[in-house]
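Data block below; observations after.
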Number of protein chains: 2
Amino acid sequence: MEPIQDKKTLLFESALELIRVHGFHGTPVSRVAREAGVAAGTVYTYFNSKDEMILELYKYVKLKVLAEVSTKDNPELPFQQRFFAFWDHLTSLYLSKPAFQSFMEQFVSSPYNTPELQQSTDLWGAWLGKFFEQGVAVGALKPLSPQILAIMVIGSVISLVRYLTYFKSKTQSVKGELTQIPQMVWDGIKNH
Amino acid sequence: MEPIQDKKTLLFESALELIRVHGFHGTPVSRVAREAGVAAGTVYTYFNSKDEMILELYKYVKLKVLAEVSTKDNPELPFQQRFFAFWDHLTSLYLSKPAFQSFMEQFVSSPYNTPELQQSTDLWGAWLGKFFEQGVAVGALKPLSPQILAIMVIGSVISLVRYLTYFKSKTQSVKGELTQIPQMVWDGIKNH
DNA sequence: AGCTAGTGAATGAACGTTCAATCAATTTTA
DNA sequence: TAAAATTGATTGAACGTTCATTCACTAGCT
């Protein structure tokens with residue numbers, strides 16, 4: 001846990017956790033404020049509206065994910081190794097911060113998300129694009145557009161994490177097999 | 001389009017479309033009623049609460065998906081062929097009924113969804129399980145648990161459909177490559 | 001003193017839900 | 001058969017609550 005920097009971050013973290021449990025509509029602004037230790041009105045010195053807060057929260061989380069994954073990537077390594085590391089980092093990030101995963105999923109499937117928003121400058125998307133581009137460039141990946149490759153990979157990570165979240169109990173039997181998922185994805189996207 | 005059977009179905013369809021556009025919270029019961037051509041109070045002769053309506057809607061949609069996909073499956077065919085047909089049917093169902101896809105995504109990532117609900121009897125999940133089991137049994141798929149295989153496949157379908165929904169314009173460049181996604185998934189899960 | 005940040009009670013709109021009244025259809029009675 | 005009674009679905013105005021947002025006021029800092 002990094003130290004809380006400013007009040008905005010405090011509000012973000014408070015909102016994240018509440019939204020994970022209760023969803024957007026189930027988390028009143030007043031509650032976000034209270035959990036963050038401030039009064040309801042204070043939220044409006046940092047955001048113009050609840051909607052704006054949620055939009056900024058989305059950008060905040062995306063940046064955090066980018067920071068985590070990009071820092072741990074080592075472009076010197078052979079691409080296959082980078083891929084498995086990437087998979088691992090993203091999966092464990094989501095598993096260790098369930099509020100990230102939950103919020104992102106809720107957000108992208110909500111009316112907050114629009115084609116315009118998705119196409120606006122998106123550092124995480126850009127980083128992903130470059131990552132898979134490099135994989136293609138060095139001949140490790142099938143010569144497909146980075147977007148298509150990202151679809152494959154991110155989709156599987158999300159499904160896997162969701163599965164683990166909803167079937168915590170049942171997973172004893174299949175836990176051993178879970179490590180095979182990145183291998184399968186790799187088999188699907190690798191060249192030859 | 002099948003003819004509208006009863007008022008419940010009418011309410012379901014009305015709710016589906018409204019939720020697709022405005023989300024759960026953005027669609028008041030009164031609006032669902034109005035679009036269905038009934039008064040607000042009428043909704044409560046069919047459902048005990050808005051929440052209950054949404055839970056039933058979830059089951060309704062899952063059954064529709066199951067009906068569509070299972071009817072079109074032909075167990076006589078070689079498994080690889082069944083797999084590509086399955087992929088195709090599920091993808092085009094979601095693309096042709098955006099409200100299905102949108103509602104299901106919103107639902108599963110919302111607080112409505114619980115581990116208990118996911119583990120309660122689920123015909124669609126059961127059908128999927130059997131489908132992939134058969135693939136393993138005939139030696140077409142890697143010997144993994146059906147759940148794991150389902151994660152891989154469904155995850156990619158969802159990501160693909162979501163991508164197409166949010167990047168309608170950009171897809172000209174990559175559209176040709178999209179057909180390669182099921183092929184990649186197949187490469188990942190097939191035996192040897 | 002002046003300024004900024006923070007407070008939290010107050011406001012008003014929106015929403016889920018209720019319920020007395022209405023209506024259409026069906027059954028009973030004469 | 002015709003009138004009367006019964007039934008149950010439907011209506012929509014009204015209720016109570018919740019919540020986002022505002023704002024007059026306060027606290028703390030320089």
Side-chain angles (χ1 to χ4, degrees), chain A residues 3-61 99 102-103 106-107 109-114 117, chain B residues 3-60 99 102-103 106-107 110-114 117:
Chain A
I4 274 78
Q5 288 154 3
D6 57 346
K7 214 154 273 182
K8 214 166 177 175
T9 309
L10 207 61
L11 288 167
F12 280 152
E13 298 292 339
S14 159
L16 264 181
E17 183 54 25
L18 285 166
I19 289 171
R20 179 182 77 81
V21 182
H22 300 108
F24 292 128
H25 342 315
T27 72
V29 172
S30 57
R31 196 89 202 282
V32 173
R34 197 176 52 199
E35 303 289 316
V38 300
T42 305
V43 172
Y44 290 84
T45 50
Y46 294 94
F47 310 101
N48 290 322
S49 68
K50 186 186 183 181
D51 280 6
E52 195 184 291
M53 183 185 77
I54 287 171
L55 283 168
E56 284 202 35
L57 183 49
Y58 173 63
K59 292 179 198 160
Y60 169 81
V61 173
S102 171
F103 171 80
Q106 288 188 58
F107 185 93
S109 55
S110 78
Y112 285 113
N113 196 14
T114 61
L117 185 66
Chain B
I4 273 78
Q5 289 153 3
D6 57 346
K7 212 152 275 181
K8 215 165 176 174
T9 309
L10 207 61
L11 287 167
F12 279 152
E13 298 292 339
S14 160
L16 264 182
E17 183 54 24
L18 284 167
I19 289 171
R20 180 183 76 81
V21 181
H22 300 108
F24 292 127
H25 3 310
T27 71
V29 171
S30 58
R31 196 89 203 282
V32 173
R34 196 174 55 195
E35 303 288 318
V38 300
T42 306
V43 171
Y44 290 85
T45 47
Y46 294 95
F47 310 100
N48 290 324
S49 67
K50 185 185 183 181
D51 281 5
E52 195 184 290
M53 183 184 78
I54 288 172
L55 283 168
E56 284 202 34
L57 183 49
Y58 173 64
K59 292 178 199 162
Y60 169 81
S102 171
F103 171 80
Q106 288 188 57
F107 185 93
S110 78
Y112 285 113
N113 196 14
T114 61
L117 184 66

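Proteins get letters first, then strands, A, B, ... in listed order; numbering begins at 1 in each.
As judged by a 4.0 angstrom heavy-atom cut-off over every strand, A:Val43 is placed among residues making no nucleic acid contact.
Here C:dG16 presents its C1' atom at 16 Å from CG of B:Leu18, a figure rounded to the nearest Å. Protein atom NZ of A:Lys50 is 15 Å distant from nucleotide atom P of D:dT18, rounded to whole Å. Rounded to a whole Å, the CZ atom of B:Arg31 is 12 Å from the P atom of C:dG16. C:dT18 atom C1' lies 18 Å from atom OH of B:Tyr46, rounded to whole Å. The CG-P distance, from B:Leu10 to D:dA9, rounds to 17 Å in whole Å. The CG-C1' distance, from B:Asn48 to C:dG16, rounds to 13 Å in whole Å. Between B:Arg34 atom CZ and D:dT11 atom P the separation is 14 Å, expressed in whole Å. In this entry the distance linking CG of B:Asp51 with P of D:dT18 reads 15 Å, nearest Å.
A donor-acceptor pair under 3.5 Å links the side-chain atoms of B:Ser14 to the main chain of B:Val32, judged by distance alone.
Set against C:dT7, D:dT10, C:dG16, the side chain of B:Tyr44 has C:dG16 as its closest nucleotide. Here the side chain of B:Pro28 is nearest to one of D:dT10, C:dG6, C:dG16, namely C:dG16. Among the nucleotides C:dT7, D:dT21, C:dG16, the one closest to any side-chain atom of A:Val29 is D:dT21.
Residues A:Ile54 and A:Phe47 fail the side-chain proximity criterion, which asks for heavy atoms closer than 4.5 Å. No side-chain heavy atom of A:Phe107 sits under 4.5 Å from any side-chain heavy atom of A:Leu57.
Salt bridge annotation for B:Lys59-B:Glu56: absent, with no cationic side-chain nitrogen under 4.0 angstrom from a carboxylate oxygen.
Residue B:Thr42 places at least one side-chain N or O under 4.0 Å from the OP1 or OP2 atom of D:dT11.
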